[in-house]
Amino acid sequence: MRRSTGTARLAAATTVSGLVAAGVLSGAGTAVADEASRTEGGATATNNGLKTYGEAVIHEDGGDQRVSAGLFEMSVDGGGTLQTYGVDLRKPTQRDARYQETPWSGTSLGTNKNAGRIRWIVQHSYPQVNDLAALARKAGVRGLTEQDAAAGTQVAIWRYSDGADVDAVDPQAEKLADYLEKSARGVGEPQASLTLDPPAVSGRPGDRLGPVTVHTNAGAVTVSPPADAAGSGVRIVDEHGKVLTSAKDGSRLYFDIPEDAAGGADHALDSGGDTAELTVQASTTVPVGRAFASASRSQTQILAGSSESTVSATATAGWAADGPIPAVSARANCAKGGVDITAVNRGGEPFTFQLMGTGHTIPAGATRTVTVPLQEEQAYDFTITGPHGFSHRFTGVLDCKTQGAVTTQTAQLPNQPSPASVGGSAVQTTDLAATGASALTPLITGVAIGLVVIGGAVLVVLRRKDTTPEA
């Protein structure tokens, strides 16, 4: 049965890259250096390319095009292997692209009403179901190879992720895709492997700053104190003041800051006295159905399998003896199509900062969120600046909507099957969903260079919410 064309998109709302920047701007008088954008935590991995795959054909008004369809493999930083499927049919998946575990809200899955069905598919097909004979019986086919199972699973996912009119080339793989598509039911988003919330806190010397809550599916995580803890005296403790070296899901961590800890008008961040960072790490299997996003405009992935893998997360604290004491973080806001920059002022004086030429003031003890709207496929690079030379930089790429109809030129992949025909119709082989040295790389690079980082006047929407010093 022919489905609607790929131009009938399931995910239409503007969303934001899954990369989450987080950090701390310490109190007035402190010069804060630019930092690289931080991620929300979890697994970070490198794409090794398609490992188990077959072929599929996209049916478009302009003709049929063939693509590789199957299972990708990623190497996890610190150890471990992930297996994933793509959820953006018409975007190339670049080999060696860096990926970060990301909430659905930071990808096209966040606005896709069928995201839960996609998760059901990866839970009930290969490689989660590695008994191919049993899977074949459920699908009503005579038998399945690993290549058939991977191709059929990917095709079923694309029908829900992209609203695509796509079929598997192999008849057995096509029957599996039809079975999975018809059987899929909505299930909820899986828990993150490891995150810390909030990723940034602030306060005064002599206080316990926090709490920072651990969210993980691991049985336990190790807690690493700040690198200069011996010199600064900063400790990571629980609510009773007990020093922590391990934690679990739901644990509440605090930065215990000595009263004589460095801070104030003449102390800069790079001298290491008025900020501190804790790191938590664990070894766990990342939950099936977690999304993985890349800042390199490589196709978003959904997790289909995980070995025991290393996951980590960080949180930062800043303090000052007087004046404003802000903690600043940034998160994707898919509903508004932009990046929310949230600043919490724990000091006794208002905190004033500049963002894209507009001034904002946060009263003492208050929180303010600035939403920066962005266009799809737009790189962003903006810096918050304030008095006494402090600044904080946030960078990323808005890359969460599935692409439209295929408009790129056809290119034959090295070592890939030659063009074939399906049902008597000629098809062209394209590398839109494949990996490796893509012939589309120059095109991608040209598009990236042509993107405006932040162009024209950007509407900044503010919303204020009440908070308490312990929020």
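These numbers come from the heavy atoms of this one structure, side chains and all, not from hydrogens, waters or symmetry mates.
Residue K51 places its NZ atom among more than 12 non-hydrogen atoms of other residues, nucleotides or ligands, all under 6.0 Å distant.
Each of I58, V67, T153, D165 was checked for a side chain to side chain contact (heavy atoms under 4.5 Å, CB included) with W158, and the lone residue meeting it is V67. Here the rule is side chain to side chain contact (heavy atoms under 4.5 Å, CB included) with V223, and of I236, T245, V214 only I236 fits it.
Of the N and O atoms on the side chains of T279 and S224, not one donor lies less than 3.5 Å from an acceptor on the other residue.
S309 approaches V76 most closely through the heavy-atom pair OG-CG2, 3.8 Å. The shortest heavy-atom contact between Y85 and P127 is OH-CD, 4.2 Å. What you find for N47 and G49 is that their closest heavy atoms are OD1-N, 2.9 Å. Nearest heavy atoms, G152 versus L176: CA-CD2, 4.3 Å. Nearest heavy-atom pair across L194 and A282 is CD2-N, 4.3 Å.
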*Going through the checks in order, is the side-chain hydrogen bond (donor to acceptor under 3.5 Å, both in side chains) test met by Y99 and S298?*
CA-CA 9 Å; Y99 278 84; S298 187; 2.8 Å; yes

_Test side-chain hydrogen bond (donor to acceptor under 3.5 Å, both in side chains) on E73 and T81; report intermediate values, then the result._
CA-CA 7 Å; E73 184 178 284; T81 302; 5.4 Å; no

*For S312 and Q281, run side-chain hydrogen bond (donor to acceptor under 3.5 Å, both in side chains): C-alpha distance rounded to whole Å, both residues' side-chain angles, the deciding distance at 0.1 Å, then the answer.*
CA-CA 4 Å; S312 62; Q281 189 175 84; 4.9 Å; no

*Between Q128 and V288, does a side chain to side chain contact (heavy atoms under 4.5 Å, CB included) hold up when you go through it step by step?*
CA-CA 9 Å; Q128 284 300 299; V288 170; 3.3 Å; yes

_Please determine whether side chain to side chain contact (heavy atoms under 4.5 Å, CB included) holds for the pair V166 and H59, giving the CA-CA distance in whole Å, both sets of side-chain angles, and the decisive distance to 0.1 Å._
CA-CA 6 Å; V166 57; H59 305 290; 5.9 Å; no

*After noting the C-alpha distance and the side-chain angles of D197 and H215, does the key distance pass the side chain to side chain contact (heavy atoms under 4.5 Å, CB included) rule?*
CA-CA 8 Å; D197 184 38; H215 300 286; 4.0 Å; yes

*Going through the checks in order, is the side-chain hydrogen bond (donor to acceptor under 3.5 Å, both in side chains) test met by Q100 and T44?*
CA-CA 5 Å; Q100 175 66 42; T44 303; 2.5 Å; yes

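No salt bridge links R117 with E181; every basic N to acidic carboxylate O contact stays at or beyond 4.0 Å. Using a 4.0 Å cut-off between a side-chain N of Lys or Arg and a carboxylate O of Asp or Glu, R159 and D178 qualify as a salt bridge. Using a 4.0 Å cut-off between charged nitrogen and carboxylate oxygen, R98 and D77 count as a salt-bridge pair. In this structure, D148 does not pair ionically with K175, as no charged nitrogen and carboxylate oxygen lie closer than 4.0 Å.
Atom OG in S193 sits 6.0 Å away from atom CG in N217 (nearest 0.5 Å). To the nearest 0.5 angstrom, R119 atom CZ is 13.0 Å from I121 atom CD1.
Between L196 and L278, some side-chain heavy-atom pair lies under the 4.5 Å cut-off. Between Q301 and F72 there is a side-chain heavy-atom pair separated by less than 4.5 Å.
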